[in-house]
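First the structure, in the form of structure tokens, and then the observations on it.
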Amino acid sequence: MKAQTEQRTGLLYGFGAYGMWGLVPLFWPLLKPSGAIEILAHRMVWSLAVVGVALLAMRRWGWIRELLRRPRKLALTTLAASVISVNWGLYIWAVNNGAVVEASLGYFINPLVTIAIGVLVLGERLRRAQWAAVGIGVAAVLVLAIGYGRPPWISLVLAFSFAAYGLIKKKLNMGGVESLAAETALLFLPALGYLLWLGAQGRSTFALDDPGHSWLLAATGLVTAIPLICFGAAAIRVPLSTLGLLQYLAPVFQFGLGVVYFHEAMPPERWAGFSLVWVALALLTWDALRTARRSRARLVEAGAIAAATATTATTAATAASEAAVAAEAAEVAGAAEVAGAAHGAPEPPAAAVTPAREPA
């Protein structure tokens with residue numbers, strides 16, 4: 001029961017994280033004329049401020065000592081911080097340079113990359129439908145590479161970096177707030193140093209005459225922290241395969257924004273490549289639903305067998321108890337008869353022999 005509750009909670013966190021990520025392309029263009037690296041540095045600095053306030057409210061500090069005492073966990077946290085920095089920075093650059101559709105492709109193929117990592121790193125075994133989906137995904141990337149005239153490197157880097165980040169978070173098994181606090185703490189000094197350097201060079205956009213721009217840069221902490229906290233909480237509660245299914249939400253929103261809102265070009269070869277990706281994802285979804293139904297059916301069957309076994313065992317135990325009671329009654333009656341004959345007393349009537357009460 002507790003495991004089911006945890007998984008439901010993880011699903012809610014996952015829906016929240018991917019829904020917010022799907023709409024975030026609307027935010028980054030508001031930060032122009034700031035460049036991608038400056039925005040990234042502000043994300044790091046202000047995210048630490050946000051999670052610091054959250055930790056103060058929750059009074060969670062014991063994890064810091066444990067993290068510092070475990071070098072391997074600290075190294076994994078540093079790796080996670082580095083990987084997500086690459087993902088953040090490239091995504092900001094892509095959105096502000098008219099590549100929202102290509103960025104969305106990265107998150108469309110991320111479930112396929114996640115499955116591949118599950119096989120290569122975690123030793124998971126794929127079903128035939130999953131192998132077929134991965135193969136279709138590879139074909140889609142080739143079609144898109146031909147259409148773009150180059151490999152869709154933005155999509156590939158975003159997909160692989162985020163899949164790796166999810167794997168590291170799974171191994172860390174830290175709470176969402178705690179893991180984000182550790183990652184942003186590791187990134188804070190380099191980011192702050194870069195912002196101070198920009199200010200010294202007179203190239204910082206934070207101190208512009210428009211105070212609204214400064215507030216928007218500060219808001220990157222909330223925009224970054226809230227969905228990542230939700231993602232971190234989901235990653236430790238649901239399987240990687242489930243995270244891959246949930247991730248469909250974000251690229252669907254991003255793709256729609258890229259085509260409808262940002263009016264990015266979609267020539268036929270792009271539609272062909274995206275269509276192949278969607279076929280692969282539909283195949284994965286169908287396979288996941290079918291597997292879930294079969295698992296539920298097996299659980300119900302196992303429960304019925306267990307109940308029948310328990311009933312049989314109870315019946316056997318009852319029969320054995322009744323036999324033992326009858327034997328005891330016969331033994332008592334026989335002993336009474338022998339005692340009566342030895343002392344010249346008459347045989348006791350049947351009503352005088354009271355058998356023991358059967359256990360409830």
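Chaining together hydrophobic side chains whose heavy atoms lie under 4.5 Å apart places V279 alongside I136, V143, L276, L283, W286. Clustering of Ile, Leu, Val, Met, Phe, Trp and Tyr by side-chain heavy atoms under 4.5 Å joins M20 with V50, L222, I226.
Residues satisfying the side chain to side chain donor-acceptor pair (under 3.5 Å) criterion with Y107, sequence neighbours excluded, are N87. Here L30 pairs with F27, L216 under the side chain to side chain contact (heavy atoms under 4.5 Å, CB included) rule; sequence neighbours left out. For R150, the salt bridge (Lys or Arg N to Asp or Glu O under 4.0 Å) partners are E102, not counting sequence neighbours. Residues that satisfy the side chain to side chain contact (heavy atoms under 4.5 Å, CB included) test with E66, not counting sequence neighbours, are R70, K73. Take W46 and apply the side chain to side chain donor-acceptor pair (under 3.5 Å) test, not counting sequence neighbours, and it matches H42. By the side chain to side chain donor-acceptor pair (under 3.5 Å) test, S85 is found to be paired with no residue, residues two or more places apart in sequence or in another chain being considered. In this view, I37 and Y194 satisfy the side chain to side chain contact (heavy atoms under 4.5 Å, CB included) rule, not counting sequence neighbours. Partners of T291 according to the side chain to side chain donor-acceptor pair (under 3.5 Å) rule, which considers only residues two or more places apart in sequence or in another chain, are R127. Take I168 and apply the side chain to side chain contact (heavy atoms under 4.5 Å, CB included) test, not counting sequence neighbours, and it matches L76, L79, A80, V83, L172.
Aromatic rings from F255 and F274 are positioned such that their centres are separated by under 6.0 Å. In this structure, F15 has its ring center no closer than 6.0 Å to that of W21.
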Next on the checklist: Under the criterion side-chain contact (heavy atoms from CB on, under 4.5 Å), I'd like the reasoning laid out for F108 against Y248: C-alpha separation, chi angles, the key distance, then a yes or no.
Outcome noted: CA-CA 6 Å; F108 272 124; Y248 297 165; 5.7 Å; no
Item to check | Step-by-step side-chain contact (heavy atoms from CB on, under 4.5 Å) determination, L90 to W153 | outcome: CA-CA 10 Å; L90 180 58; W153 65 271; 3.7 Å; yes
Item to check | Stepwise side-chain contact (heavy atoms from CB on, under 4.5 Å) check, Y13 with V238 | outcome: CA-CA 10 Å; Y13 278 123; V238 298; over 6 Å; no
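Put simply, OG1 on T224 and CG on L48 are 12.0 Å apart, with the number rounded to the nearest 0.5 Å. Atom CG of L167 sits about 6.0 Å away from atom CD1 of I117, to the nearest 0.5 Å. One finds the NZ atom of K32 at 5.0 Å from the CG atom of N96 (value rounded to the nearest 0.5 Å). Here the straight-line distance linking atom CZ of F253 with atom CG of L249 works out to 6.0 Å at 0.5 Å rounding. For the atom pair CG (L196) and CD (Q201), the distance works out to 12.0 Å, reported to the nearest 0.5 Å. Taking CH2 from W28 and CH2 from W88, the interatomic distance works out to 9.0 Å, rounded to the nearest 0.5 Å.
Taking a 6.0 Å sphere around CH2 of W61, one finds it holds more than 12 heavy atoms contributed by other residues, nucleotides or ligands.
For the pair V134 and L284, the minimum side-chain heavy-atom distance is 4.5 Å or more. Residues L158 and N110 have side chains not in contact (no heavy-atom distance under 4.5 Å, counting atoms from C-beta outward). Put simply, the side chain of Y148 reaches to within 4.5 Å of the side chain of R270, judged on heavy atoms. Side-chain contact between I92 and R43 is present, with at least one heavy-atom pair separated by less than 4.5 Å. Between S161 and Y165, every side-chain heavy-atom pair lies at or beyond the 4.5 Å cut-off.
Nearest approach of Q254 to S104, heavy atoms of both residues: OE1-CA, 3.5 Å. The minimum heavy-atom distance between P25 and G22, with the atom names listed, is CD-O, 3.5 Å. Taking all atoms of both residues into account, the shortest heavy-atom contact from A225 to V51 is CB-CG1, 4.2 Å. Here the shortest heavy-atom pairing between A94 and A103 reads CB-CB, 4.2 Å. Residues A140 and G273 come closest through the heavy atom pair CB-O, 3.4 Å. The heavy-atom pair separating P227 from A17 by the smallest distance is O-CB, 3.4 Å.
Cluster membership for L192 and V53, using ILVMFWY side-chain heavy atoms within less than 4.5 angstrom, is not shared. In the hydrophobic cluster analysis, where Ile, Leu, Val, Met, Phe, Trp and Tyr join through side-chain heavy atoms closer than 4.5 angstrom, V45 is grouped apart from W215. At a threshold of 4.5 Å between side-chain heavy atoms, the hydrophobic network of Ile, Leu, Val, Met, Phe, Trp and Tyr places I146 and L156 in two separate groups. Note on L26: it clusters hydrophobically with I39, by side-chain heavy-atom contacts below 4.5 Å among ILVMFWY residues. Follow the hydrophobic side-chain contacts under 4.5 Å out from V138 and you never reach V277; the two are in separate clusters.
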Review item, side-chain donor-acceptor pairs of residues 259-269, under 3.5 Å, at least two apart:
{"residue": "H263", "atom": "ND1", "partner": "V260", "partner atom": "O", "Å": "3.4"}
{"residue": "E264", "atom": "OE1", "partner": "V100", "partner atom": "N", "Å": "3.3"}
{"residue": "E264", "atom": "OE1", "partner": "V101", "partner atom": "N", "Å": "3.0"}
{"residue": "E264", "atom": "OE2", "partner": "V100", "partner atom": "N", "Å": "2.7"}

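In this structure a side-chain-to-backbone donor-acceptor pair under 3.5 Å is missing from E178 to W63. Between the side chain of R237 and the backbone N or O of A233, at least one donor-acceptor pair lies under 3.5 Å. A donor-acceptor contact shorter than 3.5 Å is absent between the side chain of S47 and the backbone of M44. In this structure a side-chain-to-backbone donor-acceptor pair under 3.5 Å is present from S34 to L31. In this structure, S155 contributes its side chain and L105 its backbone to no donor-acceptor pair below 3.5 Å.
Side-chain contact annotation: E183 with T77, donor-acceptor N/O pair under 3.5 Å absent.
Using cut-offs of 30° and 60° for the angle between ring planes, the F231 and F162 rings count as tilted.
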